[in-house]
Amino acid sequence: MRTKNVLLGAAALLLASPAFAQAPSSPFQGLTRFAGTVEKLDGRRLTVATEDGAAKTLELPDSLQITESKRATMSDLEAGKFVGCTAVTASAGKLRASECHIFPDSMRGRGEGHNPMGPPNTTMTNGNIATMTNGSVQSAQGGGAGVVLHVTYQGGAQDIEVTKETQITQISVGDASLLKRGAKVSGAARETDGALRVQFLNVTP
């Protein structure tokens, strides 16, 4: 479950990266997603110990935007925030968030829209929180306090339930100084000329 959540989180952030700001409906085609811990950074070559125990060497383009995610809470969700929420379709067709990422203003508008993800009945919605409704929402553990986010994006909108089970993170723009040995990272890379060139990289302290 941890690996699945990490990769879904990476996918959410990938949709918001500059490389995919104007992405087609299938931005992950031809990409290798990864998650693990940093072993070393040598110039622009990053070695990551992946969760299956293998070592993966990655090339970091000069234009790469590195992000950092930190744990947040439901109280950090506010109207006017730009978010990316991974959600599953629950009963009565309602969207229930497994993850919500709060992006900085500098990333507002990136990957905006409502897109299907790999797992069945799973979607990613990147957009602006127009309104929030407090109250009782349903989760895997039954009813409880939560919020319903009305998320708008160009051409549409979605109502997404956020419960106490939803993983909420605050995203900030980082740099290569975060890539210290032992740091947890996730992202996606594309093979070019025999090398894996990173398209997106997120760090979790």
Side-chain angles (χ1 to χ4, degrees), residues 1-17 20 23 27-28 31 33-36 51 65-91 93-104 107-130 132-134 137-141 144-153 156-174 183-188 199-205:
M1 183 62 69
R2 164 66 178 169
T3 300
K4 178 181 178 182
N5 286 341
V6 166
L7 292 179
L8 283 176
L13 295 171
L14 174 61
L15 280 172
S17 69
F20 295 97
F28 308 107
L31 295 181
R33 285 182 253 182
F34 60 87
E51 294 186 341
Q65 182 180 74
I66 298 171
T67 58
E68 181 180 19
S69 61
K70 295 182 179 180
R71 189 178 298 278
T73 67
M74 203 175 295
S75 63
D76 295 306
L77 295 168
E78 300 174 352
K81 296 284 189 179
F82 188 81
V83 297
C85 293
T86 304
V88 296
T89 303
S91 60
K94 293 182 178 180
L95 293 178
R96 182 177 303 143
S98 57
E99 298 181 352
C100 273
H101 305 275
I102 306 169
F103 295 113
M107 296 178 70
R108 179 176 293 275
R110 302 274 178 83
E112 186 171 335
H114 181 66
N115 299 282
M117 301 294 288
N121 300 319
T122 303
T123 58
M124 171 59 55
T125 305
N126 281 20
N128 183 69
I129 300 177
M132 295 175 56
T133 303
N134 295 314
V137 299
Q138 296 296 311
S139 71
Q141 296 179 357
V147 296
V148 175
L149 308 180
H150 184 65
V151 179
T152 61
Y153 48 87
Q158 300 292 331
D159 289 326
I160 303 174
E161 294 185 345
V162 177
T163 76
K164 63 182 180 181
E165 298 167 8
T166 304
Q167 295 184 21
I168 303 172
T169 57
Q170 183 83 47
I171 307 303
S172 61
V173 177
K184 296 178 181 179
V185 296
S186 60
Q199 306 297 301
F200 159 76
L201 184 63
N202 183 63
V203 182
T204 305

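Everything numeric in this text was worked out from a predicted model, so none of it was measured. In what follows, every heavy atom counts, from backbone to side chain, and hydrogens, waters and symmetry copies are set aside.
The shortest distance between side-chain heavy atoms of Thr73 and Ile168 does not fall below 4.5 Å. The closest side-chain heavy-atom distance from Gln65 to Arg110 is below 4.5 Å. A 4.5 Å side-chain heavy-atom check between Val151 and Asn128 finds every atom pair outside the cut-off. Annotation: side chain of Glu68 is not in contact with side chain of Ile171 (no heavy-atom distance under 4.5 Å). Annotation: side chain of Phe103 is not in contact with side chain of Thr169 (no heavy-atom distance under 4.5 Å).
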Stepwise side chain to side chain contact (heavy atoms under 4.5 Å, CB included) test for Thr67 and Met107: CA-CA 10 Å; Thr67 58; Met107 296 178 70; 4.2 Å; yes
Please determine whether side chain to side chain contact (heavy atoms under 4.5 Å, CB included) holds for the pair Met74 and Val162, giving the CA-CA distance in whole Å, both sets of side-chain angles, and the decisive distance to 0.1 Å. CA-CA 8 Å; Met74 203 175 295; Val162 177; 4.2 Å; yes
Quick one, Thr89 with Lys94, criterion side chain to side chain contact (heavy atoms under 4.5 Å, CB included). Give me CA distance, side-chain angles, the key distance, then yes/no. CA-CA 6 Å; Thr89 303; Lys94 293 182 178 180; over 6 Å; no
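Between the CD1 atom of Ile160 and the OG1 atom of Thr123 there is a distance of 6.5 Å, given to the nearest 0.5 Å. To the nearest 0.5 angstrom, Ile102 atom CD1 is 8.0 Å from Glu78 atom CD. Once rounded to the nearest 0.5 Å, the distance linking NE2 of His114 with SG of Cys85 reads 11.5 Å. Put simply, CG on Asp76 and NZ on Lys81 are 7.5 Å apart, with the number rounded to the nearest 0.5 Å. Atom-to-atom distance recorded for His150:NE2 and Thr133:OG1 is 9.5 Å, nearest 0.5 angstrom. Distance check: Thr125 OG1 to Asp159 CG gives 10.5 Å after rounding to the nearest 0.5 Å.
Scanning both residues, Asn134 and Val147, for their nearest heavy atoms gives OD1-CG1, 3.0 Å. The minimum heavy-atom distance between Asn126 and Gly84, with the atom names listed, is OD1-CA, 3.2 Å. Shown here for Ser172 and Pro104, the closest heavy-atom pair between the two residues is CA-CG, 4.4 Å. Here the closest non-hydrogen pair linking Tyr153 and Gln158 is OH-NE2, 3.0 Å. Phe200 approaches Phe34 most closely through the heavy-atom pair O-CZ, 4.3 Å.
In terms of modelled atom types and a separation under 3.5 Å, the side chain of Thr166 and the main chain of Ala97 share a donor-acceptor contact.
When only modelled atom types and interatomic distance are considered, Ser69 and Thr204 share a side-chain donor-acceptor pair under 3.5 Å.
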